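Side chains are part of it too, since the values below use all heavy atoms of this structure and drop only hydrogens, waters and symmetry mates. Remember, it's a predicted structure, so these values are computed and weren't measured experimentally.
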Amino acid sequence: MFHWLEKNPFFFALAVFATIAFAGLIEIVPNFAASSRPVIGTTPYSTLELAGRHVYIKNSCNACHSQLIRPFKSETDRYGDYSLSGEYAYDRPFLWGSKRTGPDLMRVGNYRTTDWHENHMWDPEKVVPGTIMPAYRWMFVNNTDVDTAYAEMITVNKFFGVPYNEPVPMKDGSTKIIKMADSLHDARKDALEEARIIVKDMKNQDVIDAVEVGRIPEIVALIAYMNSLK
């Protein structure tokens with residue numbers, strides 16, 4: 001057989017390619033699958049955080065901000081540890097991005113506060129002189145779409161096995177449970193409870209009053225999402 005292959009270079013090349021491809025699949029695919037599993041400490045998004053992610057996408061924040069820290073010293077010095085594929089296990093869609101008009105936000109929750117985000121979204125120029133980012137004041141008025149966020153939670157839990165209502169291992173050895181409500185009514189209540197925690201650190205009285213009467217302005221959901229990026 002080998003003598004025949006030597007006389008037929010086309011089939012010899014085909015056999016070599018098939019051998020290398022098969023060996024590559026055996027070596028690469030299992031490693032790729034393992035690295036794609038959730039990193040210890042990575043949790044699914046809560047109701048309000050997921051709603052805030054929708055606000056982030058709707059306003060095209062991902063057009064100017066990436067969520068991908070590359071393994072270069074210049075990036076890790078500025079933004080923190082480089083990104084791991086398993087940290088995106090619960091992201092649908094991924095928001096890696098390739099354009100940075102503004103800074104990367106992969107770990108923005110580690111160094112920006114609720115108060116900072118509130119002021120920055122209201123008047124970016126005042127917080128970061130020279131920025132070209134516009135103000136997003138309509139977020140302080142528009143209501144958050146909790147219903148769609150809850151619908152997504154049910155979908156990813158049912159079809160992708162996202163572990164809501166299950167203990168998720170954390171880096172310190174403990175576990176954390178991210179709750180998914182049993183009904184839309186309860187999901188709205190859970191989101192409102194999260195919102196009340198966020199607004200404790202906010203100054204805008206209109207936003208505070210809105211949450212007090214049961215409304216959740218988009219800015220609150222967005223901040224919840226930004227605070228979760230660590």
Out of Tyr225, Tyr136, Tyr45, which residue meets the ring-ring contact (aromatic ring centres under 6.0 Å, His included) rule with Tyr56? Tyr225
CD/Glu212: more than 12 non-hydrogen atoms of other groups inside 6.0 Å: no
Starting from the C-alpha separation in whole Å, work towards a yes-or-no answer on side-chain hydrogen bond (donor to acceptor under 3.5 Å, both in side chains) for Asp115 and Thr113. CA-CA 5 Å; Asp115 181 63; Thr113 63; 5.1 Å; no
Roughly how far, to the nearest 0.5 Å, is the CG atom of Leu95 from the CE atom of Met106? 10.5 Å
Do Ile197 and Met202 land in one hydrophobic cluster if side-chain heavy atoms of ILVMFWY residues count as linked below 4.5 Å? no
Can you give me the closest heavy-atom contact between Arg215 and Pro217, atom names plus distance? O-CD, 3.6 Å
What distance do Glu218 atom CD and Asn59 atom CG have between them, rounded to the nearest 0.5 Å? 6.5 Å
Do other residues, nucleotides or ligands put more than 12 heavy atoms under 6.0 Å from the CH2 atom of Trp138? yes
Residues Glu166, Ile177; criterion side chain to side chain contact (heavy atoms under 4.5 Å, CB included); working and verdict: CA-CA 5 Å; Glu166 298 177 21; Ile177 295 177; over 6 Å; no
When you look at Val108 and His117, which way does the side chain to side chain contact (heavy atoms under 4.5 Å, CB included) test go after all the steps? CA-CA 10 Å; Val108 68; His117 287 305; 4.0 Å; yes
Can you confirm whether Asp77 is buried at CG, in the sense that more than 12 heavy atoms of other residues, nucleotides or ligands lie under 6.0 Å from that atom? yes
To the nearest 0.5 Å, how far apart are CG in Asn142 and CD1 in Ile219? 11.0 Å
Evaluate side chain to side chain contact (heavy atoms under 4.5 Å, CB included) for Arg137 paired with Trp122, printing each intermediate quantity in order. CA-CA 5 Å; Arg137 296 186 181 181; Trp122 182 264; 3.7 Å; yes
Do Val141 and Val199 belong to the same hydrophobic cluster, where Ile, Leu, Val, Met, Phe, Trp and Tyr are linked whenever their side-chain heavy atoms lie under 4.5 Å apart, directly or via other members? no
Under 4.5 Å between side-chain heavy atoms, counting indirect links through other Ile/Leu/Val/Met/Phe/Trp/Tyr residues: same cluster for Val39 and Met170 or not? no
In Å and rounded to the nearest 0.5 Å, what is the CD to CD1 distance from Glu193 to Ile216? 10.0 Å
Close side-chain approach of Ser66 and Lys99, heavy atoms under 4.5 Å: no
Answer yes or no: is there an ion pair linking Glu75 with Arg100, defined by an N-O contact shorter than 4.0 Å? yes
Could you tell me whether the side chain of Glu125 and the main chain of Gly130 form a donor-acceptor pair under 3.5 Å? yes
Check for me, please, whether Met226 and Trp116 land in the same ILVMFWY cluster - side-chain distances under 4.5 Å, paths through other members count. no
Of all the heavy-atom pairs spanning Thr47 and Ala191, show the shortest one and how long it is. CG2-CB, 4.1 Å
Do Thr42 and Tyr90 come close enough that some side-chain heavy atom pair is under 4.5 Å? yes
Can you confirm whether Asp190 sits close enough to Lys179 that some side-chain heavy atom of one is under 4.5 Å from a side-chain heavy atom of the other? yes
Tyr79 OH to Asn110 CG distance, which is reported to the nearest 0.5 Å: 14.5 Å
Which atom names give the shortest non-hydrogen contact between Ala195 and Leu48, and what distance separates them? N-CD2, 3.5 Å
Identify whether Ile57 and Phe94 are in the same connected component of the hydrophobic contact network (ILVMFWY, side-chain heavy atoms under 4.5 Å). yes
Working to the nearest 0.5 angstrom, can you tell me the gap between Asp104 CG and Arg70 CZ? 9.0 Å
Answer whether the closest heavy-atom distance between the side chains of Ile208 and Gln205 falls below 4.5 Å. yes
In the structure I gave you, are the side-chain heavy atoms of Pro44 and Met180 within less than 4.5 Å of one another anywhere? no
Provide the closest heavy-atom pair for Ala51 versus Thr144 in the form atom of the first, atom of the second, distance. CB-CG2, 3.5 Å
Any chance CZ of Phe17 has more than 12 other-residue heavy atoms, nucleotides or ligands included, within less than 6.0 Å? no
Under a 3.5 Å distance rule, please check whether Arg107 uses its side chain to pair with a backbone N or O of Asp81 as donor and acceptor. yes
Any salt bridge linking Arg53 with Asp91? Criterion: basic side-chain nitrogen under 4.0 Å from a carboxylate oxygen. yes
Are His54 and Asp145 side-chain neighbours, meaning at least one heavy-atom pair lies under 4.5 Å? no
Heavy atoms of Pro124 and Met121 approach each other most closely as CD-O, 4.3 Å
Any donor-acceptor pair under 3.5 Å from Tyr150 side chain to Ala181 backbone: yes
Mind listing the closest non-hydrogen atom pair of Gly80 and Ile69 along with its distance? O-CG2, 3.7 Å
Does Ser46 form a side chain to side chain contact (heavy atoms under 4.5 Å, CB included) with Glu194? I'd like the steps, not just the answer. CA-CA 9 Å; Ser46 69; Glu194 292 182 69; 2.5 Å; yes
Close side-chain approach of Asn119 and Lys126, heavy atoms under 4.5 Å: no
